[in-house]
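Right, one structure below, let's go through it.
Below, all heavy atoms of this structure are taken into account, side chains as well, without hydrogens, waters or symmetry copies. Order of the sequence lines sets the chain letters (A, B, ...), proteins ahead of strands, with each chain counted from 1.
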2 protein chains.
Amino acid sequence: MTSSTQENPLELFSEFLAEHGLRMTPQRRLILEVFLEHGGHLAAEELYDCVRQLDPSVGQATVYRTVKLLAESGLAKAVRFDEGVTRYEPKHGREHHDHLICVRCRRTEEILDERIEKLQEELARKLGFVLTGHKMDLYGICSKCRRKEQEKD
Amino acid sequence: MTSSTQENPLELFSEFLAEHGLRMTPQRRLILEVFLEHGGHLAAEELYDCVRQLDPSVGQATVYRTVKLLAESGLAKAVRFDEGVTRYEPKHGREHHDHLICVRCRRTEEILDERIEKLQEELARKLGFVLTGHKMDLYGICSKCRRKEQEKD
DNA sequence: CTGGTTGCAAATCGTTTGCAGCGCT
DNA sequence: AGCGCTGCAAACGATTTGCAACCAG
């Protein structure tokens, strides 16, 4: 149970920082905690708002810089939906997944389909590419929002 | 051959404008022409550069505004890769497709796999969503770039 | 004429960066 | 002491908006 993939994120982040000649600080610790606790797809700006409530002295530049480090360390993953902002989701110990987003209420489901993943590989290989990653976002209207719209009619 | 889906884009755009109480202008005509002729995934800024070469009096705000109208009219489709800019591709009369992007040289292939499309529908339906659209970008290294990298070793 | 359209410049949004001071190690 | 870290504010790139002059219907 002490295998490296199950170490806690804080330690992993500290290790990453140390390996790169960087340091763990109270701000970074706090930002990481808030980020992990929230869980969802947080924009840097939103993360900043959350962090500020716990410690108003933290600057937004620090949040932006830290969230980038989290992405580099592999603890966070940057995701971009059809808006103009970069969001981050916790990645440590989590399986790869894609997203199903409700265009009305913005609720987001995580999805995964092995058959699709296989077909993606196959498709890329046929065109001479070696896949390094992919993103797939499905947009639709969730059942709750459809119900709401029917009530209006 | 005069069916509405095969009308030429200029007419379609004029119709769209008229239906919305808007007007066709020389600037809009020029921007549409340049956009269609280029064909690729053009950012508004790049489109502005092209247009400016033909008519330096056109302002960039006009280009940004027009490209948005094109997207609303259905003649263009906004695509966002992993950069920070919105690109537009001609959509009129074109089949839906996804993208396979080389992370080294940024070359982009258009791809389509019916099996994947079907699975996407199925996946969404299972979760109670009605799909309105999707985006799938595959990232990889193309054969040309792989060859280049091997030469360096 | 009227109301949409234009170019310009200023404003905005999300994000990055320069810098002087601070705090680990 | 040295080097990374911080908050601040200014800078940034992409995009949007306010406005007065302009022009299409």
Side-chain angles (χ1 to χ4, degrees), chain A residues 10 13-32 34-35 41-73 76-88 106, chain B residues 10-11 13-35 41-73 76 78-88:
Chain A
L10 190 69
F13 192 37
S14 297
E15 267 175 46
F16 170 85
L17 291 171
E19 281 166 15
H20 293 256
L22 306 175
R23 301 173 189 158
M24 176 53 78
T25 65
Q27 290 91 332
R28 287 180 178 163
R29 201 187 327 270
L30 175 61
I31 292 165
L32 173 56
V34 173
F35 172 66
H41 309 97
L42 223 44
E45 198 84 34
E46 295 165 352
L47 182 53
Y48 171 50
D49 284 339
C50 294
V51 168
R52 199 160 33 160
Q53 286 172 20
L54 298 175
D55 181 351
S57 74
V58 176
Q60 77 170 166
T62 302
V63 175
Y64 273 93
R65 287 189 273 237
T66 301
V67 94
K68 279 204 131 186
L69 286 174
L70 287 175
E72 283 169 37
S73 77
K77 183 176 190 316
V79 299
R80 241 180 251 261
F81 299 137
D82 53 358
E83 331 146 281
V85 284
T86 304
R87 298 181 169 280
Y88 295 86
R106 287 279 142 186
Chain B
L10 190 69
E11 272 175 50
F13 192 37
S14 298
E15 266 175 47
F16 169 85
L17 292 172
E19 281 166 16
H20 293 256
L22 308 175
R23 300 173 188 159
M24 176 53 78
T25 65
Q27 290 91 331
R28 287 180 176 162
R29 202 185 328 269
L30 175 61
I31 292 166
L32 173 57
E33 279 165 12
V34 172
F35 172 67
H41 309 99
L42 220 47
E45 197 83 34
E46 295 165 353
L47 182 55
Y48 172 52
D49 285 340
C50 296
V51 168
R52 200 160 33 159
Q53 286 172 21
L54 298 175
D55 181 350
S57 74
V58 176
Q60 77 171 165
T62 302
V63 176
Y64 273 92
R65 287 189 273 235
T66 302
V67 93
K68 278 203 132 189
L69 286 174
L70 288 174
E72 282 169 39
S73 77
V79 299
R80 242 180 250 262
F81 299 137
D82 53 358
E83 331 145 283
V85 284
T86 303
R87 298 181 169 280
Y88 295 86

Quick test: give all pairs of protein nitrogen or oxygen and nucleotides 19-25 of chain C nitrogen or oxygen below 3.5 Å, distance rounded to 0.1 Å.
| unit_1 | atom_1 | unit_2 | atom_2 | d |
| --- | --- | --- | --- | --- |
| C:dG23 | N2 | A:Arg23 | NH1 | 2.8 |

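- The shortest distance between the side-chain N/O atoms of A:Tyr64 and the OP1/OP2 oxygens of C:dT16 is not below 4.0 Å.
- At distances below 3.5 Å, at least one donor-acceptor pair connects side-chain atoms of B:Glu46 with backbone N or O atoms of B:Ala43.
- One N or O on the side chain of A:Arg28 and one on the backbone of A:Arg23 form a donor-acceptor pair closer than 3.5 Å.
- When each of C:dG7, D:dT15, D:dC5 is scored by its nearest atom to the side-chain atoms of B:Thr86, the top-ranked nucleotide is D:dT15.
- Every pair passing salt bridge (Lys or Arg N to Asp or Glu O under 4.0 Å) that includes a residue from residues 50-69 of chain A is listed here, sequence neighbours excluded: A:Asp49-A:Arg52.
- Taking a 4.0 Å limit (strictly below) on heavy-atom distances, residues 44-52 of chain B does not reach DNA chain C anywhere.
- Rounded to an integer number of Å, the gap from B:Arg29 CZ to D:dC23 P is 15 Å.
- With rounding to whole Å, B:Arg87 atom CZ is found 15 Å from D:dT15 atom C1'.
- Taking the side chain as every heavy atom from C-beta outward, A:Arg29 and A:Leu32 never approach each other to under 4.5 Å.
- The distance from atom CG of A:Leu10 to atom CD of A:Glu15, rounded to the nearest 0.5 Å, is 10.5 Å.
- Put simply, CD on A:Gln27 is 8 Å from C1' on D:dC5, counting in whole angstrom units.
- Atom P of nucleotide D:dC23 and atom CZ of B:Arg28 are separated by 15 Å, given to the nearest angstrom.
- OP1 or OP2 of C:dT6 has not a single side-chain nitrogen or oxygen of B:Ser57 nearer than 4.0 Å.
- Taking the side chain of A:Ala61 as heavy atoms from C-beta on, and the options D:dT16, D:dA9, C:dG4, the nearest nucleotide is D:dA9.
- One interatomic measurement links the two molecules: CD of B:Gln60 to P of D:dT16, which rounds to 11 Å at whole-angstrom precision.
- In terms of phosphate contacts, B:Lys68 brings no side-chain nitrogen or oxygen within less than 4.0 Å of OP1 or OP2 of D:dT15.
- Atom pair A:Leu22:CG and D:dG2:P shows a separation of 20 Å (rounding to whole Å applied).
- Going from atom CZ of B:Phe13 over to atom C1' of C:dT5 covers 12 Å, rounded to whole Å.
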Next on the checklist: Apply side-chain contact (heavy atoms from CB on, under 4.5 Å) to residues A:Leu69 and A:Phe13 and explain how you reach the verdict.
Outcome noted: CA-CA 9 Å; A:Leu69 286 174; A:Phe13 192 37; 4.1 Å; yes
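- In this structure a side-chain-to-backbone donor-acceptor pair under 3.5 Å is missing from B:Thr62 to B:Val58.
- Atom pair A:Glu83:CD and D:dT15:P shows a separation of 15 Å (rounding to whole Å applied).
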Item to check | Criterion side-chain contact (heavy atoms from CB on, under 4.5 Å) on A:Tyr88 and A:Leu42, from CA distance to verdict | outcome: CA-CA 5 Å; A:Tyr88 295 86; A:Leu42 223 44; 5.6 Å; no
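- Put simply, the side chain of A:Gln53 never gets that close to the backbone of A:Cys50: no donor and acceptor are under 3.5 Å apart.
- Put simply, A:Thr25 has a side-chain N or O that comes within less than 4.0 Å of OP1 or OP2 on D:dT6.
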